[in-house]
Protein chains: 2
Amino acid sequence: MTGARGYHHGDLRRALLAAAVQVIEESGPGALSLRDLARRAGVSHAAPAHHFGDKPGLLTALAAEGFDLLAETMSDAGGELHEAGVAYVDFAVRHRAHFEVMFRPDLYRADAPEVQAARERAGAALRSGVAALPPERASAGDPQGDALAAWSIVHGFATLWLAGALPERVGDDPREAARAVIRRLFAAR
Amino acid sequence: MTGARGYHHGDLRRALLAAAVQVIEESGPGALSLRDLARRAGVSHAAPAHHFGDKPGLLTALAAEGFDLLAETMSDAGGELHEAGVAYVDFAVRHRAHFEVMFRPDLYRADAPEVQAARERAGAALRSGVAALPPERASAGDPQGDALAAWSIVHGFATLWLAGALPERVGDDPREAARAVIRRLFAAR
DNA sequence: GGGGAATCTTGTCAGCGACTAGATCGACCC
DNA sequence: GGGTCGATCTAGTCGCTGACAAGATTCCCC
């Protein structure tokens, strides 16, 4: 199915998304060019338009894929909120390209239904983690506040890590460093 | 000095930066075009190159200005860490264009000396806030951990707010919502 | 008032996103 | 087994952009 020989590519859509991930990981979303992706896939410069319409269309597909992956990653981490938080950071580092697009709504169509649905799945994973929080660590009667604080701290850590803004002393293991940060938020009081 | 009539503009550098802020606030950094900025300032398309060299050069100047403004904003908030955190979020919302560039190192030259110096000033403001934390709210012997957690939570909240990712229920006052989130981190234990 | 440097203009080039029209292929149906 | 129709891809074009080069204008300082 990956013949890539004849007139038809075989799985151009997937090839373009994969190439986009590679380019974004190397040089950021700003360096993305549909013509370059087409070149990498060995097709003409106008071929991508058929699958994604335009550049925001391609990034919309990437963002939806990202939110789906994120929801899956957090669910797989087990019900525990700390572990879901670590998984969030781990996802950002391992799927840097997806993550960098997902929270940049000026790059894609955030109101696309497939994005909304995937985003909702990720939100549910977060809420279920908060619900599983032992009472002595949760804020009585304000699970939404807990969720917002937890989301903020892991999202901030992940963003700063990816931006290379953190000092070297933090180390080179994002999971370990994230765990220490998250622990501070939900220490028993 | 703002004649803007003759052959010389008068203060083109400042005019270009101001126009850049406006464009980024309206449509994000991706929509930025040097030629458009030149048009807005009423000069030829090649005039910006003299002041900034190239596009990353212009964004480097914007980022440096941003880190300086951030350092000033946090210092002005008083020594208290909670207020410095609120000021951080407030800065992100009020100077959205600067903030959106500052933490996107693929857009500019983060190793430029004027950026490094301004960034260092902002870091010092954060550290002084952590140092002023009352003992019952600080982690004994780990001020760097406190700083990282505080930075993460305010940065994450600000980023999510700007991305429009937060649910409506959070409200429309970023300062108030940020205060509630920050309180959760440094509650006495 | 003269000279050198800073500032700005005009002209050019390749690359990009988007659009159009047309070529090729594959799957299905009779 | 042949025809048809839609999906996929190509080729060509347009206006826009960033970057560069060469030259014009103006400011500043001696």
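Predicted, not measured: the structure shown is a model, and the values here were computed from it. Just so we're on the same page: letters track the sequence lines, and every chain starts at 1. What you see below is based on every heavy atom in this structure, not just the backbone, and it leaves out hydrogens, waters and symmetry mates.
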Nucleotide N/O to protein N/O under 3.5 Å, stretch nucleotides 3-6 of chain C:
none

What's the CG-C1' distance between B/Leu58 and D/dA19, to the nearest Å? 15 Å

Rounded to the nearest angstrom, tell me the gap between atom CG in B/Leu34 and atom P in C/dT9. 14 Å

Gap between atoms CZ and P, on A/Arg13 and D/dT8 respectively (whole Å): 10 Å

To the side chain of A/Arg35, which of D/dA19, C/dT9, C/dA18 is closest? C/dA18

Which nucleotide wins on minimum distance to the side chain of A/Ala47, given the candidates C/dG17, D/dC9, D/dA19? D/dC9

Any heavy-atom pair between the side chains of A/His45 and A/Leu34 that's under 4.5 Å? no

Out of D/dG18, C/dA18, D/dT10, minimum distance to the side chain of A/Ala46 belongs to D/dT10

Grab the CG-C1' distance between B/Leu16 and D/dG18 for me, whole Å please. 15 Å

Rounded to whole Å, the CZ-P distance (A/Arg40 to C/dC16) equals 11 Å

Any side-chain N or O of A/His45 below 4.0 angstrom from OP1/OP2 of C/dA18? no

Is the shortest side-chain N/O distance from A/Ser44 to OP1 or OP2 of D/dA11 below 4.0 Å? no

In the structure I gave you, are the side-chain heavy atoms of A/Val181 and A/Val154 within less than 4.5 Å of one another anywhere? no

Beyond-backbone contact of B/Asp146 with B/Phe186, side-chain heavy atoms, under 4.5 angstrom: yes

Partners of B/Pro174 by side-chain contact (heavy atoms from CB on, under 4.5 Å), sequence neighbours excluded? B/Val89, B/Val93, B/Trp161

Have a look at B/Phe67 and tell me which of B/Phe103, B/Phe99, B/Phe91 forms a ring-ring contact (aromatic ring centres under 6.0 Å, His included) with it. B/Phe103

Test side chain to side chain contact (heavy atoms under 4.5 Å, CB included) applied to B/Phe52 and B/Arg13, step by step: CA-CA 8 Å; B/Phe52 300 106; B/Arg13 182 186 163 90; 3.5 Å; yes

A/His95 side chain reached by A/Glu25 side chain, heavy atoms, under 4.5 Å: no

When you measure from the side-chain N and O atoms of B/Arg39 to the phosphate of D/dC16, is any distance below 4.0 Å, counting only OP1 and OP2? no

Could you state the CG-P distance from B/Asp11 to C/dT7, rounded to the nearest angstrom? 11 Å

Would you please confirm or rule out a distance under 4.0 Å between OP1 or OP2 of D/dC16 and any side-chain N or O of B/Ser33? no

Between C/dG17, D/dA11, D/dG18, spot the one nearest the side chain of B/Lys55, thanks. D/dG18

Would you mind reading off the distance between A/Leu12 atom CG and C/dC25 atom C1', rounded to a whole angstrom? 15 Å

Roughly, in whole Å, what's the span from CG in B/Leu37 to P in D/dC16? 16 Å

DNA chain C: 5'-proximal contact among B/Val43 and A/Asp54 (nearest heavy atom): B/Val43

